[in-house]
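Heads up, the thing below is written out as structure tokens.
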Amino acid sequence: MAMSSHDVLFEIFSWLPAKAVYRFKSVGKFSLEFSDETLFASKQAQNALLKDDTCFFIQSDIGQRYNGQTELHPLPGEELSSGVSDDVLQFLTNSARIVASSNGLILCRATCQNQVELFICNPATQSLSPIPIPEDLQVSVDADLKIVFECHSDDCMLFLFCENPKDGWSSNLYCNVYLHKEGVWKAREESFTTGARNLRFDIPVIHNGVIHFISDCSPYVNRNSQYFLPYIMSYNLESGASRMLRVPKKARRGFNDDSCNMGIFKWGKVTSSTKSICLVRLRNFVFTIWALRDYESSSWRMILKIRVKAMGLVEQDPTVTGFTVLNGDLLVFATTKKVYGYGLSNENCIVLEEICEHGCETGVCFTSYSNTLRTCGTDATALPPKKKMMQPISPISVLGNRNG
């Protein structure tokens with residue numbers, strides 16, 4: 001059966017990022033027929049799951065409680081097809097902190113309140129939806145939340161890990177799950193065992209239905225402890241089982257050096273059948289990267305080892321202030337002034353490319369992002385007017401209490 005012109009345009013436009021859709025909408029009447037439909041937004045967001053993210057947010061590494069300048073930069077080749085308005089960036093700079101991002105939605109924490117307030121926001125459509133936190137899950141307003149945010153084809157999920165105040169200090173955290181469509185929190189029966197080290201909850205990796213966190217490298221654990229060396233701890237979302245994965249032997253050398261910093265990220269393209277986890281270590285101005293080869297045996301293979309200066313930077317004595325891996329094969333790192341990309345695969349040429357300058361005065365946090373039209377839910381409301389964006393404002397006060 002032949003497709004109508006409407007169906008053809010629907011299919012073609014559904015593969016474009018939101019910015020491109022809005023651009024066509026402003027100049028062509030033919031796109032107005034379906035660009036505001038929920039079905040089209042769902043289709044466009046679903047197609048985006050099969051493509052690379054096109055840009056990234058930058059924030060200063062100052063913790064969740066405090067806001068700072070929020071910047072958005074496109075990846076090379078995506079300059080014309082991705083972006084959000086300056087009004088949205090101003091709103092985020094004044095009032096919120098980006099905690100996580102998934103399929104065009106960002107999870108934010110309001111920074112101008114005396115209690116923890118969360119909301120989901122689509123920067124492209126300039127809409128947001130509050131996430132109510134029950135009183136028994138509230139934590140200190142100064143604490144960083146141990147939270148994971150993930151959007152799949154038809155729903156958004158939040159996983160909040162927290163301690164039970166009655167237990168005192170414990171290596172077990174309780175897991176609570178929030179399904180956005182249902183709008184309720186549900187406690188998991190199985191707790192998450194973290195070990196004796198602090199985990200990096202700011203850079204989780206979900207792989208094959210399991211959430212992974214890497215530990216820190218600080219030398220505060222007793223040498224005789226099984227947790228003396230840095231490790232990766234995982235939590236199976238189906239069974240609730242906790243498991244430790246060892247980092248590569250070479251990554252453990254000099255791990256307690258003050259210059260050592262490690263992070264884990266997704267490895268491989270979204271459409272690849274060999275997706276995995278990669279470990280990036282920066283020590284003494286040298287990047288070393290491994291990919292997890294065999295999950296059961298914690299076997300790793302080295303991808304890259306290179307001194308920062310050997311990458312071809314023009315800067316004199318560059319200091320790396322933050323790094324990540326985007327789209328499964330691009331090492332992105334910041335110096336005190338600029339952001340660079342270094343390809344890690346044959347498809348993404350192994351060459352240094354300057355991406356942008358940045359204005360972060362401290363360490364840099366990266367959040368990968370892609371423009372989609374994905375809705376924030378049935379209770380979504382537009383961001384506050386431009387005049388109000390210039391001053392700190394609670395997103396929750398704009399929307400009202402969802403439960404009230």
Side-chain angles (χ1 to χ4, degrees), residues 63-64 99-100 102 107 116 118 133-134 136-140 143-150 157-179 185-249 251-252 255-256 260-267 275-281 290 292-300:
Q64 295 177 8
V99 178
S102 183
L107 174 67
V116 177
L118 296 174
I133 302 181
D136 59 333
L137 296 183
Q138 283 282 349
V139 298
S140 168
D144 283 351
L145 298 177
K146 302 175 177 66
I147 196 164
V148 179
F149 177 57
E150 181 78 358
M157 305 175 71
L158 282 77
F159 303 90
L160 178 63
F161 296 92
C162 55
E163 301 172 356
N164 188 332
K166 298 179 181 179
D167 294 345
W169 184 90
S170 172
S171 61
N172 290 329
L173 298 177
Y174 294 90
C175 178
N176 297 272
V177 182
Y178 181 84
L179 300 177
W185 288 92
K186 296 181 179 180
R188 296 291 301 271
E189 293 183 3
E190 304 80 6
S191 60
F192 173 42
T193 301
T194 64
R197 288 188 167 276
N198 296 318
L199 299 184
R200 295 284 308 275
F201 284 93
D202 59 321
I203 48 173
V205 175
I206 298 181
H207 176 62
N208 289 342
V210 180
I211 306 178
H212 303 80
F213 307 94
I214 192 169
S215 72
D216 64 6
C217 302
S218 300
Y220 57 84
V221 178
N222 188 290
R223 181 175 292 272
N224 296 323
S225 170
Q226 63 173 319
Y227 302 110
F228 172 68
L229 297 170
Y231 54 86
I232 297 169
M233 194 63 76
S234 67
Y235 182 78
N236 190 297
L237 297 178
E238 182 177 351
S239 67
S242 302
R243 178 186 171 183
M244 177 192 289
L245 282 75
R246 293 294 183 185
V247 300
K249 289 184 178 180
R252 305 172 203 166
F255 73 89
N256 52 4
C260 186
N261 186 11
M262 290 194 282
I264 55 171
F265 309 96
K266 292 183 178 180
W267 176 253
K275 294 189 295 292
S276 185
I277 299 171
C278 70
L279 169 71
V280 180
R281 185 182 83 155
W290 296 266
L292 185 61
R293 178 168 50 191
D294 183 78
Y295 197 90
E296 294 303 319
S297 62
S298 296
S299 173
W300 301 79

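When reading the values below, keep in mind they use all heavy atoms of this one structure, side chains included, and skip hydrogens, waters and symmetry mates.
At least one donor-acceptor pair closer than 3.5 Å links the side chain of Thr194 to the backbone N or O of Ser171. No donor-acceptor pair under 3.5 Å is formed between the side chain of Asp144 and the backbone N or O of Gly63. A donor-acceptor pair under 3.5 Å is formed between the side chain of Trp300 and the backbone N or O of Arg246. In this structure, Ser276 contributes its side chain and Leu292 its backbone to a donor-acceptor pair below 3.5 Å. The closest donor-acceptor contact from the side chain of Ser215 to the backbone of Tyr231 lies under 3.5 Å.
Between Val139 and Val116, the closest heavy-atom pair is O-CG2, 3.9 Å. Taking all atoms of both residues into account, the shortest heavy-atom contact from Gly240 to Tyr235 is O-CE1, 3.4 Å. Minimum heavy-atom separation, Val247 to Pro230: CG2-O, 3.7 Å. Scanning both residues, Pro219 and Asn256, for their nearest heavy atoms gives CB-CB, 3.6 Å. Between Lys266 and Glu150 the shortest heavy-atom distance is NZ-OE2, 4.4 Å.
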* Any chance you could lay out the side-chain contact (heavy atoms from CB on, under 4.5 Å) test for Arg200 and Ile214, step after step, and finish with the verdict? => CA-CA 6 Å; Arg200 295 284 308 275; Ile214 192 169; 3.8 Å; yes
* Chi angles and distances behind the side-chain contact (heavy atoms from CB on, under 4.5 Å) call for Phe201, Leu145 -> CA-CA 8 Å; Phe201 284 93; Leu145 298 177; over 6 Å; no
* To do: Could you please spell out the steps behind the side-chain contact (heavy atoms from CB on, under 4.5 Å) verdict for Ile211 and Phe159?
  => CA-CA 10 Å; Ile211 306 178; Phe159 303 90; 4.0 Å; yes
* Derivation of the side-chain contact (heavy atoms from CB on, under 4.5 Å) call for Trp185 and Leu160 -> CA-CA 9 Å; Trp185 288 92; Leu160 178 63; 3.7 Å; yes
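Contact of the His207 side chain with the Trp267 side chain is not registered, since no non-hydrogen atoms from C-beta on lie closer than 4.5 Å. Side-chain atoms of Phe228 and Phe255, non-hydrogen and from C-beta on, do get closer than 4.5 Å to each other.
From Cys162, atom SG reaches atom CG of Asn176 across 5.0 Å, with rounding to the nearest 0.5 Å. Taken to the nearest 0.5 Å, the CD atom of Glu163 stands 6.0 Å off from the CG atom of Leu173. In this structure, the separation between OH on Tyr174 and OG on Ser191 is 6.5 Å, given to the nearest 0.5 Å. Atoms CZ and CG, on Arg243 and Asn236 in that order, are 10.5 Å from each other to the nearest 0.5 Å. The structure places CG of Asn172 at 12.0 Å from CZ of Phe161, a figure rounded to the nearest 0.5 Å. Between atom CG of residue Asp216 and atom SG of residue Cys260 there is a gap of 10.5 Å, rounded to the nearest 0.5 Å.
Remark: Ser299 pairs with Arg293 by the side-chain hydrogen bond (donor to acceptor under 3.5 Å, both in side chains) rule, at least two apart or across chains. Not counting sequence neighbours, the partners of Tyr295 by the side-chain hydrogen bond (donor to acceptor under 3.5 Å, both in side chains) test are His212. Qualifying salt bridge (Lys or Arg N to Asp or Glu O under 4.0 Å) partners for Arg188, counting only residues two or more places apart in sequence or in other chains: Glu190.
If you look at Phe192 and Phe213, their ring centroids are closer than 6.0 Å.
Geometrically, Arg197 engages Tyr220 in a cation-pi contact defined by less than 6.0 Å to the ring centre and at most 45° from the axis.
The only option from Val280, Leu279, Ile232 that meets the side chain to side chain contact (heavy atoms under 4.5 Å, CB included) definition with Met262 turns out to be Leu279.
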